[in-house]
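Structure first, commentary second.
One-based numbering, in listed order, for ligands and for the atoms of each. Keep in mind that what you see is a predicted model, and the values were worked out from it rather than measured.
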Amino acid sequence: MKKVLVTGGLGFIGSHTVVNLIEEKYDVVIIDNLFNSKLEVLDRIEQITGVRPKFYQFDVQNISKLDEVFKNEKPDVIIHFAGYKAVGESCKKPLMYYKNNLESSFALIEMMEKYNCKNIVFSSSATVYGIPKKVPLTEEDPVQSSTSPYGETKVMIERILEDESKVHPEFNICLLRYFNPIGAHKSGLLGEDPNGIPNNLLPYINKVAVGKLDCVHVFGNDYPTVDGTGVRDYIHVCDLAKGHVLSLNKLKENPGLCIYNLGTGKGTSVLEIIKLYEEATGVKIPYVIDPRRDGDVAINYASNEKAKKELGFNCDFDVKQACLDGYNYQVAEEKRTKK
Ligand code: UFG
């Protein structure tokens with residue numbers, strides 16, 4: 001299993017995974033339409049690894065172009081990251097989310113069938129567990145109706161891949177359910193810098209830290225949690241990336257369908273994160289308490305026991321380190337864009 005086709009390979013999680021894959025000597029081919037990423041990321045990957053992966057710029061839904069890539073590249077395995085991912089936007093534009101996320105997955109599955117590519121890793125999310133009845137969440141917990149159209153696309157694509165695995169027992173399919181990825185590559189060259197006002201907590205804190213936004217709005221302090229603020233499982237993006245490489249090792253054992261949570265197994269509240277961020281960076285983060293955000297759950301964190309046992313997964317970085325790496329990336333990015 002040498003050649004890996006990475007869709008969305010210039011995005012936040014995709015780019016970090018590509019770095020790990022290259023470091024592990026995989027031959028990487030990227031497809032990305034640059035909808036939510038930048039071409040410079042390719043240069044940065046080359047700067048870090050010394051290798052410039054082959055890159056195709058188009059939308060994975062474009063089946064004739066996808067066909068060409070499969071014909072020319074003959075990938076052994078696909079890691080499918082490409083997709084829209086903003087929870088709030090998906091509630092306003094459900095059709096856009098269903099169409100894009102589902103069509104691109106259909107196109108890839110068709111190509112797997114046509115070109116006998118038997119292996120796929122799918123970028124899923126903890127959102128498939130819906131509103132958790134208990135934590136930590138294990139892979140045996142039921143997949144429920146999600147709280148957003150974005151989340152529903154993850155539920156649906158998981159279901160479609162599960163059905164495919166029934167009719168194609170030769171397919172090896174790994175569903176990776178991510179918890180909350182944060183942080184950045186230690187080089188300061190790769191990270192997450194969304195356009196406009198960030199929806200997610202850490203990108204928002206980063207903008208406050210560099211003075212681009214005034215203060216963090218904490219969404220609710222009346223949840224049944226340690227300090228009333230929402231609790232999540234924040235995992236360093238480099239640990240998450242490593243989980244993908246480990247999942248490829250698993251696929252080599254021909255497991256059929258397999259499912260893993262990728263999280264740290266530890267919950268951290270919003271106020272705890274702010275404090276850890278301040279400790280890690282020495283930067284004061286002002287905040288105000290706002291009402292709860294629609295669709296948020298109180299507590300969500302993973303059991304990562306299955307990934308530990310079956311993939312040899314573990315986390316090298318804690319939340320504080322992730323805060324520091326995220327901040328360093330933001331500072332570096334500000335300097336680069338000022339030039
Ligand atoms: N939060 C704030 N202020 C902000 C942003 C977030 O207080 O400005 C709080 C939220 O209320 C929540 C926590 O910070 O308690 C984390 O919020 P994020 O938006 O960073 O992350 P979510 O847990 O809401 O979303 C993540 C992923 C989604 C995924 C979802 C469910 O970003 O892709 O988990 O698994 F769908």
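Under a 4.0 angstrom heavy-atom cut-off, Y223 registers as lying outside contact with ligand 1. Put simply, part of S125 is less than 4.0 Å from ligand 1, judged by heavy atoms.
Every residue meeting the side-chain contact (heavy atoms from CB on, under 4.5 Å) condition with N72, not counting sequence neighbours, appears here in chain and number order: E68. Residues satisfying the ring-ring contact (aromatic ring centres under 6.0 Å, His included) criterion with F317, sequence neighbours excluded, are H236.
The closest protein non-hydrogen atom to atom 22 (P) of ligand 1 is N180 ND2, 3.6 Å. Remark: minimum distance from atom 23 (O) of ligand 1 to any protein heavy atom is reached at R232 NE, 2.7 Å. Residue, atom and distance of the protein heavy atom nearest to atom 11 (O) of ligand 1 are D296 OD2, 2.6 Å. The nearest heavy-atom contact from the protein to atom 33 (O) of ligand 1 is Y150 OH, 3.3 Å. For atom 35 (O) of ligand 1, the nearest protein heavy atom (residue, atom name, distance) is T127 N, 3.1 Å.
By the 3.5 Å distance cut-off applied to N or O atoms, L201 is counted among the residues near ligand 1. Among the atoms of N200, some N or O lies under 3.5 angstrom from an N or O of ligand 1.
Ring geometry for H80 against F122 counts as tilted: the plane angle lies between 30° and 60°, on a 0 to 90° scale. Ring-plane geometry between H244 and F81 is classed as tilted, the angle between the planes lying from 30 to 60 degrees on a 0 to 90 degree scale. A perpendicular orientation is assigned to the rings of Y97 and Y150, their planes being inclined by more than 60° (bins at 30° and 60°).
Residue nearest to atom 4 (C) of ligand 1, selected from F219, Y287, Y204, Y234: F219 (by heavy-atom distance).
The part of R293 lying near ligand 1 is the side chain, judged by heavy-atom distances below 4.0 Å. Only the backbone of N199 comes within 4.0 Å of ligand 1, counting heavy atoms alone; no side-chain atom from C-beta on gets that close. If you look at F179 next to ligand 1, there are no close heavy atoms at all, none under 4.0 Å. Contacts between V270 and ligand 1 below 4.0 angstrom, taking non-hydrogen atoms only, involve the side chain exclusively.
The ligand atoms of ligand 1 that sit less than 4.0 angstrom from a heavy atom of V218 are 7 (O). Contact atoms of ligand 1 toward H217: 2 (C), 3 (N), 4 (C), 7 (O), 8 (O) (distance under 4.0 Å to a heavy atom of the residue).
Taking the charged nitrogens against the carboxylate oxygens, K250 and E253 do have a contact shorter than 4.0 Å, which makes a salt bridge. Between R336 and E333, at least one side-chain N (NZ, or NE/NH1/NH2) sits under 4.0 Å from a carboxylate O, which counts as a salt bridge. Using a cutoff of 4.0 Å between basic side-chain nitrogens and carboxylate oxygens, K207 and D193 are scored as salt-bridged.
Side-chain atoms of K134 come within 3.5 Å of backbone N or O of P136 as a donor-acceptor pair.
The only option from N180, D233, N314 that meets the side-chain hydrogen bond (donor to acceptor under 3.5 Å, both in side chains) definition with T264 turns out to be D233.
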